[in-house]
Q: 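To start, I am sharing the structure in question, which I have written as structure tokens.
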Amino acid sequence: MILRRLTEHLKAQNWFAVAIDFTIVVAGVFIGIEVSNWNAARAEQGLALSYLERIADDIDADLADYADRLAYWAAVSDYAAEGLAYAESRDPGGGSPWRILLAFFQASQVAEFYTTSPTWDEMRSAGDLRLIDNIELRSRLARYYTYAGNPALSERPAYRENVREQVPAMIQRYIWANCYESNAEGRQAFVDCAAPVDDAVSQAVIDRLAADEELIGELRYWFSTMDVAARIGRDRVAAATAVREAVVKELRGGE
């Protein structure tokens, strides 16, 4: 309608009316663009907040996993220390042969840690990192996810394979069924269990293991790696806690 009026005013050479019509057209286009930009900005802001909420949930999952892994690594380290103590002194230290055999085997357990990063990965692949307009927060998140991985947190040692080659299969089957448990969430736990064989059988196995210098060297390495993993894990917990607080602060409008 406005275009028809503009055409009529042009034919009549009513320049004042033409100017008014032209101003109305330009203003309409400008307002339309501004409204479209405003709606797009609101949509992007909503998407950014959704991403941040999901990142906070991902970091919560990391913190829960770290708590689980740190406890598990500490237990593995204790078993390794018990096996090493026997190998180096041949003194059971009050433990039964079965207890020492179990320590040698359980010291081979692993519990890898991998950062929960689906939201961050999705943002990167979609080119949506720019939606986090807080540059400092974006940089902190980038550092968190860049340095999240460490070989010590996901290593599978040579000791694991070699000790399992030497422990009798029936004893291993008993350990898996009675001295260990896991669930669908990847949580693992050690369970107290009675000896399935007499002391003489256990003693023969642990003496063979303790005499294997290469195996004991691998156990020393794994024991050291568990200590490193625990130290890294504690540092990563501090980093995860700090970056989560920054995300929550951003979600609350920087308060």
Q: Keeping the roles fixed (side chain from S50, backbone from G46), state whether a donor-acceptor pair exists under 3.5 Å.
A: no

Q: Between N134 (side chain) and L137 (backbone), is there a donor-acceptor pair under 3.5 Å?
A: yes

Q: Between T146 (side chain) and A142 (backbone), is there a donor-acceptor pair under 3.5 Å?
A: yes

Q: Distance-only, no hydrogens or angles: does the E181 side chain make a donor-acceptor pair with backbone N or O of Q188 under 3.5 Å?
A: no

Q: I need the single residue from I59, D58, T115, L129 that forms a side-chain contact (heavy atoms from CB on, under 4.5 Å) with W120. Which is it?
A: L129

Q: For the side chain of T241 and the backbone of V237, is there at least one donor-acceptor N/O pair under 3.5 Å apart?
A: yes

Q: R231 versus M226: any side-chain heavy-atom pair under 4.5 Å?
A: no

Q: Main chain of I132, side chain of R138: is a donor-acceptor contact present, judged purely on distance under 3.5 Å?
A: yes

Q: Donor-acceptor pair, distance only, cut-off 3.5 Å: does the side chain of R244 make one with the backbone of D60?
A: no

Q: Sort out for me which residue in L52, L141, I55 forms a side-chain contact (heavy atoms from CB on, under 4.5 Å) with M123.
A: I55

Q: Side chains of I175 and C193, heavy atoms from C-beta outward: is any pair under 4.5 Å?
A: no

Q: Could you tell me how the ring of Y66 sits relative to the ring of F113: parallel (under 30°), tilted (30 to 60°) or perpendicular (over 60°)?
A: parallel

Q: Enter the distance from W222:CH2 to R160:CZ here, rounded to the nearest 0.5 Å.
A: 8.5 Å

Q: How long is the span from the OH atom in Y174 to the CH2 atom in W98, to the nearest 0.5 Å?
A: 6.5 Å

Q: Please tell me whether Y79 and F190 form a close aromatic pair, meaning their ring centres lie under 6.0 Å apart.
A: yes

Q: What I'd like to find out is whether the side chain of L101 reaches to under 4.5 Å of the side chain of Y86, using heavy atoms alone.
A: no

Q: Indicate, with yes or no, if the rings of W176 and F105 have centres closer together than 6.0 Å.
A: yes

Q: Can you tell me if D68 uses its side chain to pair, donor with acceptor, with the backbone of A71 under 3.5 Å?
A: no

Q: How many angstroms lie between atom CD of E122 and atom OG of S117, to the nearest 0.5 angstrom?
A: 11.5 Å

Q: Can you measure from NZ (K249) to CD (E245) and round to the nearest 0.5 angstrom?
A: 10.0 Å

Q: What is the minimum heavy-atom distance between R208 and P168, and which atoms define it?
A: NH2-CD, 4.3 Å

Q: To the closest 0.5 Å, what do you measure between CD (E112) and CG (D65)?
A: 12.0 Å

Q: Can you tell me how far the CG atom of L153 sits from the CZ atom of R69, to the nearest 0.5 Å?
A: 10.0 Å

Q: Using modelled atom types only, decide if a donor and an acceptor are shared between the side chain of R236 and the backbone of Y144 within a distance under 3.5 Å.
A: yes

